[in-house]
Amino acid sequence: MISQDATIRDIAVERPGATAVFRRHKIDFCGDGGASLWQAALQRGLSVSELQAELNDLAAGHGDLPADPDGLISHIISRYHDVHMAELPEALRLARRVEAVHRAKADCPHGLADHLALIFDELQGHQHKEEAVLFPMMLQGGAPMIRFPIARMLAEHVDVGEQLDELARLTTDFTPPEGACTTWRALYEMCRKLDEDLREHMHIENNILFPKFV
Ligand SMILES: [Fe+2]
Ligand SMILES: [Fe+2]
């Protein structure tokens, strides 16, 4: 039974599937996450008891996430780092095409390709720091100074969250306009998946992996 005083962060960690519920209700779980369930419900104008019931229907436990840091790190790299790097260039290609073909339309997502290029660029640097510096330190069992790279990564995750907010703005919440072509629809679907994957990725690092070392 989930308490109304439990924090969003704790619920996201303890209930697999809770992040999908939070995403649906636009409750931030990967950034701050420190609000209690009742505070978050109040902020979003939702019924706290309905939200609580929805979360209680989810099975308890950690889901399929590996419990040990080594397994968790390999999971993060293969399920998130590699997937973002494979999918972002394709989204960027589609965005360039949509912006070129539909540039005269009022609802054309002007600036989307440049924004995806920025996300790709910054994420590449961020993930490189994790894979070359932070994760190897963790695999060696951690050290007192590990709090510095962790603090840096947390700050960069805040920037990524802001970039995702801008992505949602540019794509009117990942909703293509009436009558949009297949490329346009596919592009927005890729952006929606990127948003989902990146938020889940940062949640696992912020709330599950990093706390094992600080
Ligand atoms: Fe990462
Ligand atoms: Fe990260």
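Both ligands and their constituent atoms are indexed starting at 1 by order of listing.
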Does [X] reach the side chain of [Y], with side-chain heavy atoms less than 4.5 Å apart?
| X | Y | answer |
| --- | --- | --- |
| Tyr80 | Glu200 | yes |
| Met202 | Val160 | yes |
| Pro66 | His75 | yes |

Inset, instruction - Please list, chain by chain and in numerical order, all residues satisfying side-chain contact (heavy atoms from CB on, under 4.5 Å) with His25, sequence neighbours excluded. - result: Val21, Ile27, Leu46, Leu51, Glu54
Legend entry - Total protein N/O/S atoms whose distance from the Fe ion (ligand 2) is less than 2.8 Å: 4
Legend entry - Pair His203 and Phe22, ring centroids less than 6.0 Å apart: no
Inset, instruction - Under the side-chain hydrogen bond (donor to acceptor under 3.5 Å, both in side chains) rule, what do His157 and Glu205 come out as? Steps first, then yes or no, please. - result: CA-CA 9 Å; His157 289 172; Glu205 291 179 346; 2.9 Å; yes
